[in-house]
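In what follows, a structure is listed as structure tokens, so that the remarks can point back to it.
Just the heavy atoms: all of them, side chains too, but no hydrogens, waters or symmetry mates, feed the values below. Every number for a ligand or one of its atoms is a count from 1 in the order of the listing. For clarity, every value in this text was computed on a predicted model and none was experimentally measured.
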Amino acid sequence: MTSVAVVTGASSGIGRATAQRLLREGWHVAALARRGDKLRTLAPAAQGRLLPLPADVTDELELRAAVAEIRSWRPGVQAVVASAGDFFARPMTATTAAEFERMWRLTVEAKFLLVRELLPLLEVATGAAGQPGPRRAIIHVGSLAAFQDFGNESAYASAMHGVRGLARSQDAELRGKGIRVAMLAPGLVKTELTERSGFSARALEQALTPDAVAASIVFLIETIRAGGYIPEILHLPGAGATFA
Ligand SMILES: NC(=O)c1ccc[n+]([C@@H]2O[C@H](COP(=O)([O-])OP(=O)(O)OC[C@H]3O[C@@H](n4cnc5c(N)ncnc54)[C@H](OP(=O)(O)O)[C@@H]3O)[C@@H](O)[C@H]2O)c1
């Protein structure tokens, strides 16, 4: 049976590594991000199973158009990974209301819209003879910032707490339908995001790789599909990791 995943943030970092890992494991992947050129080069060997969808996930109309394309490609979706996001750390006095709002829209609201718009595809029964199909999985990429206090992260940390609340509430709302929602919260990962955010070379040397985080995301998905459930994983780098 064809397994279809929708991955946002698939042009870079954690989302890209997750899309590539799912494609390697035989999934069909609808990959969303704004940079279509990066999406098209995701997996040259798996073109038939890759649907690149350039879209801004904070734009409700663009998101709806992408979901319509997914529906006409494949009628049902078995997994969703929401990894589109950003980061900045700045004192409160240097953070504008517009920056704060942008962080919340991308980190939290876009995940809400994504799941709401994909629900009809997640609800498509895939089982034979009226039996429910395998359980479906939604994985929100959160952050250590939802568990540990860092200064200068009013916008980012509050949004990541929002992701945790969103995952908990969506799981309670959807579990009766066989859809489970979990959160993967990484510590520092070496990606475009951290390379442009002023982390030291030493910190980045010790950071996780995107593929290691992708492995945890796929583990969460497979656990759900096998009938289990892990609500959240905190995935930290081994060296230099702190958790108070
Ligand atoms: N890297 C870390 O250390 C770390 C640690 C903890 C949590 N996280 C979180 O993990 C998530 C992914 O981070 P990452 O490190 O993988 O970052 P990344 O390498 O910068 O990737 C971010 C992805 O989000 C996409 N994106 C950003 N804005 C978008 C928009 N408006 N519409 C559609 N796509 C958008 C980007 O694609 P386009 O630019 O092509 O649109 C890109 O594919 C973020 O929420 C981040 O805060 C990261």
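- Short contacts between ligand 1 and Leu188, defined as distances under 4.0 Å to a heavy atom of the residue, involve ligand atoms 3 (O).
- Here Ser154 pairs with nothing under the side chain to side chain donor-acceptor pair (under 3.5 Å) rule; sequence neighbours left out.
- When the options Thr8, Thr107, Asp56 are ranked by their closest heavy atom to atom 31 (N) of ligand 1, first place goes to Asp56.
- For atom 5 (C) of ligand 1, the nearest non-hydrogen atom from the set Ala207, Gly142, Gly187 comes from Gly187.
- Remark: ligand 1 atoms within the under-4.0 Å shell around heavy atoms of Thr194 are 1 (N), 2 (C), 3 (O).
- Of the protein's non-hydrogen atoms, Arg34 NH2, 3.5 Å is the one closest to atom 27 (C) of ligand 1.
- Annotation for ligand 1: atoms under 4.0 Å from non-hydrogen atoms of Val141 are 10 (O), 11 (C).
- Of all protein heavy atoms, the one lying nearest to atom 42 (C) of ligand 1 is Ser11 OG, 3.5 Å.
- Taking hydrophobic clusters as Ile, Leu, Val, Met, Phe, Trp and Tyr residues chained together by side-chain heavy-atom distances below 4.5 Å, Ile138 does not share a cluster with Ile233.
- Atoms of ligand 1 found under 4.0 Å from any heavy atom of Met160 (numbered from 1 in listed order, with element): 45 (O), 47 (O).
- Backbone and side-chain nitrogen or oxygen atoms of Ala33 are examined, and none is located within less than 3.5 angstrom of a nitrogen or oxygen of ligand 1.
- Between Ile14 and Thr191, the shortest heavy-atom distance links the atoms N-CG2, 4.2 Å.
- If you check which protein heavy atom lies closest to atom 11 (C) of ligand 1, you get Ser83 O, 3.3 Å.
- Between the side chains of Thr58 and Arg102, no donor-acceptor pair of N or O atoms lies under 3.5 Å.
- Ranking protein heavy atoms by distance to atom 20 (O) of ligand 1, first place goes to Leu193 CB, 3.3 Å.
- One N or O on the side chain of Arg135 and one on the backbone of Gly227 form a donor-acceptor pair closer than 3.5 Å.
- Residue contacts with ligand 1: Val189 is placed with a nitrogen or oxygen under 3.5 Å of a nitrogen or oxygen of the ligand (distance criterion only).
- Val108 and Val81 are not part of a single hydrophobic cluster, where members link through side-chain heavy atoms under 4.5 Å apart.
- With a 4.0 Å cut-off on non-hydrogen atoms, Asp86 touches ligand 1 through its backbone and not its side chain.
- The residue from Gly36, Ala146, Gly85 that puts a heavy atom closest to atom 22 (C) of ligand 1 is Gly85.
- Within 6.0 Å of atom CD in Glu195, more than 12 heavy atoms from other residues, nucleotides or ligands are found, so the atom counts as buried in its surroundings.
- Heavy-atom contacts of Leu106 reach the following atoms of ligand 1: 28 (N), 29 (C), 30 (C), 31 (N) (cutoff under 4.0 Å).
- Per-residue contacts place Tyr156 under 4.0 angstrom from the following atoms of ligand 1 (heavy atoms of the residue considered): 6 (C), 7 (C), 8 (N), 9 (C), 46 (C), 47 (O).
- Atom 14 (P) of ligand 1 has its closest protein heavy atom at Thr191 OG1, 3.7 Å.
- Annotation for Phe219: atom CZ does not count as buried by contact number, only 12 or fewer foreign heavy atoms lying within 6.0 Å.
- Between Phe199 and Phe87, the distance from one ring center to the other falls under 6.0 angstrom.
- Between Ile224 and the options Val181, Ile179, Ile139, Ile230, a side chain to side chain contact (heavy atoms under 4.5 Å, CB included) holds for only Ile139.
- Counting heavy atoms from C-beta on, the side chains of His235 and Ile217 never come closer than 4.5 Å.
- Taking every non-hydrogen atom of Glu192 and a distance limit under 4.0 Å, the qualifying atoms of ligand 1 come out as 19 (O).
- Counting heavy atoms closer than 4.0 Å to ligand 1, residue Arg196 contributes side-chain atoms (C-beta onward) but none from N, CA, C or O.
- Close approach to Gly13 involves these atoms of ligand 1, each under 4.0 Å from a residue heavy atom: 16 (O), 19 (O).
- The shortest N or O to N or O distance between Ser143 and ligand 1 is not under 3.5 Å.
- When only modelled atom types and interatomic distance are considered, His28 and Thr2 share no side-chain donor-acceptor pair under 3.5 Å.
- What sits closest to atom 32 (N) of ligand 1 on the protein, heavy atoms only, is Val57 N, 2.9 Å.
- Any N or O atom pair closer than 3.5 Å counts here, and Ile14 shares at least one such pair with ligand 1.
- What sits closest to atom 35 (C) of ligand 1 on the protein, heavy atoms only, is Ala84 CB, 3.8 Å.
- Taking distance alone, with nitrogen or oxygen atoms compared against 3.5 Å, Arg35 approaches ligand 1 more closely than that limit.
- Annotation: atom 25 (C) of ligand 1 to nearest protein heavy atom, Gly9 CA, 3.7 Å.
- Contact between Ala55 and ligand 1 is present, with at least one heavy atom of the residue lying under 4.0 Å from the ligand.
- Tracing side-chain contacts under 4.5 Å through hydrophobic residues (I, L, V, M, F, W, Y), one never reaches Leu32 starting from Trp27; they form parts of separate clusters.
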